[in-house]
Amino acid sequence: MARFKDIEEKWQSRWHEQGLHISERDERPKFMIIFAYPGVTGYLHVGHMRGYTYVDAISRYMRMNGHNVLFPVGTHATGNGAISLASRVAARDPDTIDYLLRNGCPEGSLPLLETPEGVVDFFNDVYVNDYWKRFGFLCDWRRFTSSIRPDYNRFIQWQFRKLMELGLLIQKPYYAPACVECGPVAVDPSETDLSKGGNAEVNEYTLLKFRCGDEYLIAATLRPETVFGQTNFWVNPDVDYVRVRVGDETWIVSEPASRKLTHQMDDVSPLGPVAGTELLGMMCAAPMIGREIPVLPAAFCDPNVGTGLVTSVPSDAPDDLVALRELQRDPDKLRSYGLDPSIADIDIIPIIDIEGYGPCAAVDIVDRMGVEDGRDPRLPEAKKQVYKDGHHLGRMNSNCGTYEGLRVEEAKERMRDDMLASGEASLFHDLSEEVVCRCGKPVMIRRVDDQWFIDYGNPELTARTKEHCKGMGIFPSEYYNNVQGVLDWFRERACVRQGNWLGTRFPFDEGWIIEAISDSTLYPVYYLISSYANEGKVSEAQMTEPFFDHVILGRGEGADVSQQTGIDADVLRSIKADVAYWYPLDLNLGGKEHMTVHFPAFLFNHQAIMPDDLLPRGIFVNWYITGKKGKISKSKGGAQPIPGAAERFGVDSLRLYYAHVASPFADVEWDEDIVTSYRQRVERVMRMVEELHSLDGADRGVADRWLRSRMARHVEATRRHMDHYDLRQMANVVYFDIPNDIRWYLRRGGRDRATARKAVDAWLRMMCPITPHLAEEAWESIGGQGLLSEAEYPGHEDYDAESELAESYLREVMEDVNEILKVTGIKPEALHLYTAPAWKSKVMSVAVTMAEQGSLSIPNLTKSVMSDENVRSHGKAASEFAKKVATDMMRRSTSELERLSADIDEAGLLGEARPFLESELGCEVVVHSSDEDDLYDPQSKARASVPMRPAIYLE
RNA sequence: GCGGGGGUAGCCAAGCCUGGCCAACGGCGCAGGACUUAGGAUCCUGUCCUUAGUGGUCCGAGGGUUCAAAUCCCUUCCCCCGCACCA
């Protein structure tokens, strides 16, 4: 194990000494490849290395194929992940500290992690050194950049100026989660900003206004299409509501709702409380249908959800139905509120037809499940089921006026919009569950009027981008097709945030920070500039709009730009030439989560800003390595830290594991036993290399020709697979097919020094992309010249079809023998092989000729061959054989026919292989021709012989 | 509901696009053997049923096209992912 580590370090430093990581313009064709840079969110786990490893392997392959390769890396630190981690470290949060230490953070580094910048610097270092360098990647480290560096920020500001220039930045209102104290926060499952509620979603409610005298009761609903089924209104008698002034209207809502409203509407002012009980028994006018309905008591109205007031649609809402039935069963309850029980004599109004349900879906499901009251634990399930089916399968029925016949999905939007237009409704956004900021204050939805969006819905841009994608290399091919739909689906995206975020200031309003998805779209081109910034040749102050316009878009004169910015004219020329040389990006690789987020934005921004000849050429999507249950979680433990895995299994074992374990387009469950078996595989392969190299014999003929031919084919196969970056197939050839062939060669007695050395030479080169450290080590030990990583990938060699045919013939004979041994269980003292008699070969060759001419049939063949005296003399056996051959041949493909018609010297081959067969079987082997006189054939087996398939007799 | 992917022998997983050496690559697991009797090692053989190398059945299920289908067409069942939906 330690041996792995020594070898890894040795070669990594050699590569570095030799400057393999440095990519500079030259005369070779270029190849630029990246993986989507990771967010700086903490430690990564073994699953993340999968995609990164693909990129290094592909870039090494391209390098060995004569390409000048650029593989730059960076990190994405935009957002508030680092801020929140820093604050937790500063607060000495035990879980956070434990997490850091468990993953190998030195205790002494903790103070560094108390600032966001410190967090980013620390993890940049971890990613580069503990992950990427540790895995032997040949990246151009000089170009490393991170999205919160000032020079990067200048680039992003330039990008946004270009978007503005193109009219792709637009403003419109937006509803965003925000802490009442801290301002905007991110609501997502990682809960970096939150202490509670990361899974909450933003729901759009329709506020329905029920006129009640000169004021309105306001109900919030997610199902505005059900208004035709309204029978009554629910108020919680135990809740105190409030009156609020909204514009020139008076609304009644719950107290929490009134507070939420102030963040979303102008002109909201409190008027005073009103007890729920005061509202009971009133009549109010239901929107859309205009009918007067009674206000009834219900305990399930939660003041924290929606407005705390609910409209009742018992036909389709199980909650409403159950509450109504409870009231109807319990007249005393109504009397206790001073209401006449007859007020609850309400007819349910069916409004939606759903396949598989009666006219009122809620009645159906509640009765079917036997739900009796509002406390029944199955009620939520019933609700979920009926809503789901209603939404997907439902159609509005004849009680729904002009909406009759519409699908629920359509009716919902139409009815909402119609009520908004008539003033009977309003919109309200709320979180689906309670969300609490890290600071402890509640998070609510705030309306932002002047939110900036990138207009990815632009039809012209979408059309151009879709067209360009048709010419790209997009893997897997499913995504090639699907991306067209994704681009259509991609709409305006809010691109700036307010509040405490790391990132680039929005150039048109410095109070905003550009958000994470929007500042990570065009950045690959910045890798061509970052090295100049890193080396101090260009300062961020010099990165003006004309500078980027010039070096990226070719605008303006170099001399002018040089003068304006003070950048050395040669430096400027060099940057411009770099961009022209390296761009476009040949391949961008990212995980499947990017399919609907990053990749479309990446494509759109390039299409919008870059000239046609700098548009991306390829995308590669990889799926995940998962834990036992779903994705390996960074936070929940169970994740294998990367350096530990490298230590345990060896980097090359892991690289092979990633490359080979499954299709890149499938999730894989991390399983240490599997990884172990890959470690054994690389060990075995390396032993085999040594063994091959140590051979010092002479050419023995067919086996040697066979191995050379097979190696030539394997080289060809790997090249073919790598044409579409199919590392798995490539690895399969190199680490499985080739060893199998070499085993056969050795078993067969192959010992030729020249053949073996040639095979080792090609084989190590083929290994270099995936297991570079071990391949280099072996390369050195066999006296290879220079670094293998800089060597050429093996080229084309001719095949030797004849030796391949001969070996497969031999293997088939052995298989047949084994089959018989297995069935009979005998331990043979002698094996007799009988090659087919000449007359059978004659029949076969006539049949092949006929099959090729398309004239093969049983009568034709029989007639033809029976005219030959040498055949006819075998009488019935001859005609039966002809019949069998004809039947068989008529269903063979041309490639099989070729094989059958091959003219090989079976007796000669078997004769040559006799010593081999004898040692394999441990018995005497005798080769006969069925044509021999006085044939030794005690069981008359010889007659079963067929050309290419000798008869067998074991005794 | 919309969009996408998939069901292959104990497991994982190729192949299907460009039908034919496909009973179906390869790996793992398992069984037997060899070597060796230290090592999670290596090598050979076997691993649907049947059988002196044959024959039968087989690639979710059912039809069809074809001389020939895991591969093409139709029907059907099931699973997964994204979106949507859910006071």
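In the text below, chain A, chain B and the rest are named by the order of the sequence lines, each starting its count at 1.
A:Ile674 comes within contact range of no nucleotide atom at all, as no heavy-atom separation falls under 4.0 Å. Among the heavy atoms of the strands, none lies under 4.0 Å from A:Pro318. Contacts of A:Ala219 with the nucleic acid, taken as non-hydrogen atoms under 4.0 Å apart, are absent. The residue A:Phe300 sits close to a base: some heavy atom pair falls under 4.0 Å. Here A:Ala317 lies out of heavy-atom contact (under 4.0 Å) with every strand. Looking at heavy-atom distances under 4.0 Å, A:Asp673 makes no contact with the nucleic acid at all.
In this structure, a donor-acceptor pair under 3.5 Å is absent between the side chains of A:Thr835 and A:Glu906. A donor and an acceptor atom, one from each side chain of A:Glu955 and A:Tyr953, are located under 3.5 Å apart. Side-chain contact annotation: A:His721 with A:Asn732, donor-acceptor N/O pair under 3.5 Å absent. For the residue pair A:Tyr735 and A:His660, no side-chain donor N or O sits within less than 3.5 Å of a side-chain acceptor on the partner.
Between B:rG26 and B:rC86, the distance separating the two C1' atoms is 46 Å to the nearest Å. Separating the C1' atom of B:rG10 from that of B:rC43 is a span of 24 Å, rounded to the nearest Å. With C1' as the reference atom, B:rC59 and B:rC48 are 12 Å apart, rounded to whole Å. Using C1' as the reference atom, B:rU65 and B:rC30 are 42 Å apart when rounded to the nearest Å. Rounded to whole Å, the separation between the P atoms of B:rG32 and B:rA24 comes to 25 Å. The C1' atoms of B:rA9 and B:rC28 are separated by 14 Å, rounded to the nearest whole Å. Rounded to a whole angstrom, the distance from the C1' atom of B:rA38 to that of B:rU51 is 44 Å. Nucleotides B:rG56 and B:rG3 have their C1' atoms positioned 44 Å apart, rounded to a whole Å.
A straight line from CG of A:Leu207 to P of B:rA87 spans 14 Å, rounded to a whole angstrom. Atom C1' of nucleotide B:rC25 and atom CZ of A:Arg811 are separated by 13 Å, given to the nearest angstrom. The OH-P distance, from A:Tyr834 to B:rA52, rounds to 18 Å in whole Å. We find that NZ of A:Lys822 is positioned 10 Å from P of B:rU50, with the value rounded to whole Å. Nucleotide B:rU42 holds its P atom 11 Å from the CZ atom of A:Arg679, rounded to whole Å. Here B:rU45 presents its P atom at 9 Å from CD of A:Glu815, a figure rounded to the nearest Å. If you measure from atom CZ of A:Phe210 to atom C1' of B:rA87, you get 12 Å, rounded to the nearest angstrom. Taking atom CG on A:Leu222 and atom P on B:rC86, their separation rounds to 5 Å, with Å as the unit.
Using N1 to N3 plus N6-O4 or O6-N4 for Watson-Crick, or N1-O2 and O6-N3 for G-U wobble, each under 3.5 Å, B:rC2 pairs with B:rG82. Base pairing annotation: B:rA87 forms no Watson-Crick or G-U wobble pair, as no partner gives both donor-acceptor distances under 3.5 Å. The base-pairing partner of B:rA31, taking Watson-Crick or G-U wobble contacts with both distances under 3.5 Å, is B:rU45.
Of the candidate nucleotides B:rA87, B:rG40, B:rU51, B:rA87 has the atom nearest to the side chain of A:Arg223. In this structure, of B:rA52, B:rG26, B:rC86, it is B:rG26 that holds the atom nearest to the side chain of A:Asn732. Of the candidates B:rA52, B:rU47, B:rA87, the closest approach to any side-chain atom of A:Tyr953 belongs to B:rA52. Side-chain proximity of A:Asn818 to the nucleotides B:rA52, B:rA87, B:rU45 is greatest for B:rU45. Nearest nucleotide to the A:Cys301 side chain, out of B:rC28, B:rA87, B:rG53: B:rA87. For A:Ser677, the side-chain atoms get nearest to B:rC28 when compared with the rest of B:rA87, B:rG46, B:rC28.
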Check your understanding: Between A:Thr307 and A:Trp251, is a side chain to side chain contact (heavy atoms under 4.5 Å, CB included) present by the stated rule, with each step listed?
Key -> CA-CA 10 Å; A:Thr307 54; A:Trp251 291 9; over 6 Å; no
Review point. Hey, mind stepping through A:Phe475 and A:Tyr480 against ring-ring contact (aromatic ring centres under 6.0 Å, His included) and telling me if it holds?
Key: CA-CA 7 Å; A:Phe475 306 93; A:Tyr480 174 90; 9.0 Å; no
Exercise for review: Verify side chain to side chain contact (heavy atoms under 4.5 Å, CB included) between A:Asn482 and A:Met595, making sure each step is shown before the conclusion.
Suggested key: CA-CA 9 Å; A:Asn482 197 216; A:Met595 287 195 290; 5.7 Å; no
Practice item. Test A:Leu406 against A:Arg395 for side chain to side chain contact (heavy atoms under 4.5 Å, CB included), laying out the working first. Key: CA-CA 6 Å; A:Leu406 286 181; A:Arg395 275 186 189 277; over 6 Å; no
**Study point:** Worked verdict on A:Asn203 versus A:His429 for side-chain hydrogen bond (donor to acceptor under 3.5 Å, both in side chains)
**Key:** CA-CA 6 Å; A:Asn203 285 327; A:His429 293 76; over 6 Å; no
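Annotation: of the two residues near RNA chain B, A:Val817 and A:Glu920, the 5′-most nearest-nucleotide partner is A:Glu920.
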When you compare the protein's N or O atoms with those of nucleotides 4-10 of chain B, which come within less than 3.5 Å of each other, and at what distance?
none

Please produce a list of atom pairs where a protein N or O lies less than 3.5 Å from an N or O of nucleotides 11-16 of chain B.
residue: B:rA13; atom: O2'; partner: A:Arg728; partner atom: NH2; Å: 2.9

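Shown here is A:Arg943, whose CZ atom has no more than 12 heavy atoms of other residues, nucleotides or ligands within 6.0 Å. The number of heavy atoms from other shown groups lying within 6.0 Å of CZ (A:Arg414) does not exceed 12.
Looking at residues 734-748 of chain A, you'll see A:Phe736, A:Arg743, A:Arg747 sit with a heavy atom under 4.0 Å from some atom of RNA chain B.
A cation-pi geometry, defined here as NZ or CZ lying under 6.0 Å from the six-membered ring centre and within 45° of its normal, does not hold between A:Arg491 and A:Tyr456. Both tests do not hold together for A:Lys260 against A:Phe428: distance to the six-membered ring centre under 6.0 Å, angle to the ring axis within 45°.
A close approach under 4.0 Å does occur between a side-chain nitrogen or oxygen of A:Lys412 and OP1 or OP2 of B:rC86. In this structure, A:Arg684 reaches the B:rU42 phosphate: one of its side-chain N or O atoms is under 4.0 Å from OP1 or OP2.
Here the options are A:Leu774, A:Val734, A:Val682, the test is side chain to side chain contact (heavy atoms under 4.5 Å, CB included), and the partner is A:Met767; only A:Val734 passes.
The aromatic rings of A:Tyr657 and A:Trp670 lie perpendicular to each other, with more than 60° between the two planes, well past the 30° mark.
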